[in-house]
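Remarks on the structure that follows.
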Amino acid sequence: VRMAVTSPGTARVARTAAVRRRVARMTRRNSYRAVELYAQGLSLRGSMTLAEVRGLRALLEFQLSRPAMRPDPDTQLEHVRVAHEGRQVRGEWVERPGVRTRSDAVVLYIHGGAFVAGSPRSHRGLTSELSRRLKRSVFSVDYRLAPEHTFPAAADDVLRAYSWLLSRGVAASRVIV
């Protein structure tokens with residue numbers, strides 16, 4: 001019979017790690033259940049309050065900003081806020097080291113969230129990875145969100161960002177949406 005010799009400190013660290021894993025598993029399970037119950041109640045009600053929309057936005061930002069979802073630390077970011085066609089274009093350039101294709105070929109990234117939630121920040125890990133894999137600069141547009149801004153505000157912002165890229169000399173055939 002072989003017995004592993006461990007110090008009391010090593011055993012304590014192992015127990016602490018095991019407790020942390022169990023707590024994380026329970027938290028995930030409980031949060032999924034809470035979201036499931038909330039969705040069931042929402043389906044009966046048929047609409048959301050503005051406070052609920054904002055709460056879900058915060059949850060999305062939190063989930064997508066976790067360490068596993070963050071961009072590579074070497075990712076270069078440049079926030080953009082410029083006037084174009086009488087309105088503002090807002091967003092950010094996301095580029096991995098060695099990638100600088102802004103004037104030649106770009107990815108126009110329109111984050112998910114049904115025009116209600118999400119932001120360039122919440123999807124930064126994904127846009128960073130797109131830049132690395134495609135070897136292209138990524139412009140992630142920061143469009144206005146509903147319900148504070150009614151349709152077609154978000155769609156107008158996306159079209160304005162596309163038009164802005166074209167006005168900077170990028171050929172339409174070189175924009176990946």
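What you are looking at is a predicted structure, and each value in this text was computed from that prediction instead of being measured.
Between Leu126 and Tyr109, some side-chain heavy-atom pair lies under the 4.5 Å cut-off. Counting only heavy atoms from C-beta outward, the side chains of Glu92 and Arg121 never approach each other to under 4.5 Å. The shortest distance between side-chain heavy atoms of Ile110 and Val141 falls below 4.5 Å. At a threshold of 4.5 Å between non-hydrogen side-chain atoms, the residues Arg102 and Glu78 count as touching. In this structure, Trp164 and Val82 have side chains that are in contact, with non-hydrogen atoms separated by less than 4.5 Å. Contact of the Asp104 side chain with the Arg174 side chain is registered, since non-hydrogen atoms from C-beta on lie closer than 4.5 Å.
We find the CH2-CZ distance between Trp93 and Arg100 to be 8.5 Å, quoted to the nearest 0.5 Å. Interatomic distance, Leu59 CG to Ser122 OG, rounded to the nearest 0.5 Å: 11.5 Å.
In this structure Phe115 satisfies the ring pair (Phe, Tyr, Trp, His ring centres under 6.0 Å) test together with Tyr143, sequence neighbours excluded. Scored by the side chain to side chain contact (heavy atoms under 4.5 Å, CB included) test, Ser103 finds no partners at all (sequence neighbours excluded). Annotation: side chain to side chain contact (heavy atoms under 4.5 Å, CB included) contacts of Val99 (sequence neighbours excluded): Arg96, Ser131, Ser137.
Test Arg90, Arg87, Arg144 against Asp157 for side chain to side chain donor-acceptor pair (under 3.5 Å) and you get one pass: Arg144.
Remark: the His123 side chain and the Ser140 side chain contain no N/O donor-acceptor pair separated by less than 3.5 Å. The closest side-chain donor-acceptor pair between Thr75 and Glu95, if any, does not fall under 3.5 angstrom.
Residues Phe151 and Leu50 do not share a hydrophobic cluster, defined by chaining ILVMFWY side chains whose heavy atoms lie under 4.5 Å apart. There is no path of hydrophobic side-chain contacts, each under 4.5 Å, that joins Leu64 to Phe62. Residues Leu108 and Val106 fall within the same hydrophobic cluster, defined by Ile, Leu, Val, Met, Phe, Trp and Tyr side chains chained together at heavy-atom separations under 4.5 Å. Note: the hydrophobic cluster containing Leu130 also contains Ile176 (ILVMFWY, side chain heavy atoms under 4.5 Å, direct or indirect links). In the hydrophobic clustering of this structure, Leu134 groups with Leu77; members are Ile, Leu, Val, Met, Phe, Trp, Tyr whose side-chain heavy atoms approach within less than 4.5 Å, directly or through other members.
Smallest separation of non-hydrogen atoms from Leu145 and Gly118: CD1-O, 3.8 Å. Of all the heavy atoms in Pro147 and Arg57, the pair that sits closest is CD-NH2, 3.6 Å. Here the shortest heavy-atom pairing between Thr127 and Val138 reads O-CG2, 3.7 Å. His111 approaches Pro120 most closely through the heavy-atom pair CD2-N, 4.0 Å. When all heavy atoms of Val89 and Arg160 are compared, the closest pair comes out as CG2-CG, 3.7 Å. Nearest heavy atoms, His84 versus Ser163: NE2-OG, 3.0 Å.
Within the 3.5 Å criterion, the main-chain N or O of Gly125 finds no donor-acceptor partner in the side chain of Ser128. Remark: side-chain polar atoms of Thr49 are paired, donor with acceptor, to backbone N or O of Glu52 under 3.5 angstrom.
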Report task. Check step by step if salt bridge (charged side-chain N to carboxylate O under 4.0 Å, His left out) holds for Arg54 and Glu148. Result -> CA-CA 10 Å; Arg54 289 182 175 152; Glu148 294 91 341; 3.3 Å; yes
Report task. I would like to know whether Phe139 and Val80 meet side-chain contact (heavy atoms from CB on, under 4.5 Å); could you show each step before the answer? Result -> CA-CA 9 Å; Phe139 183 74; Val80 174; 3.8 Å; yes
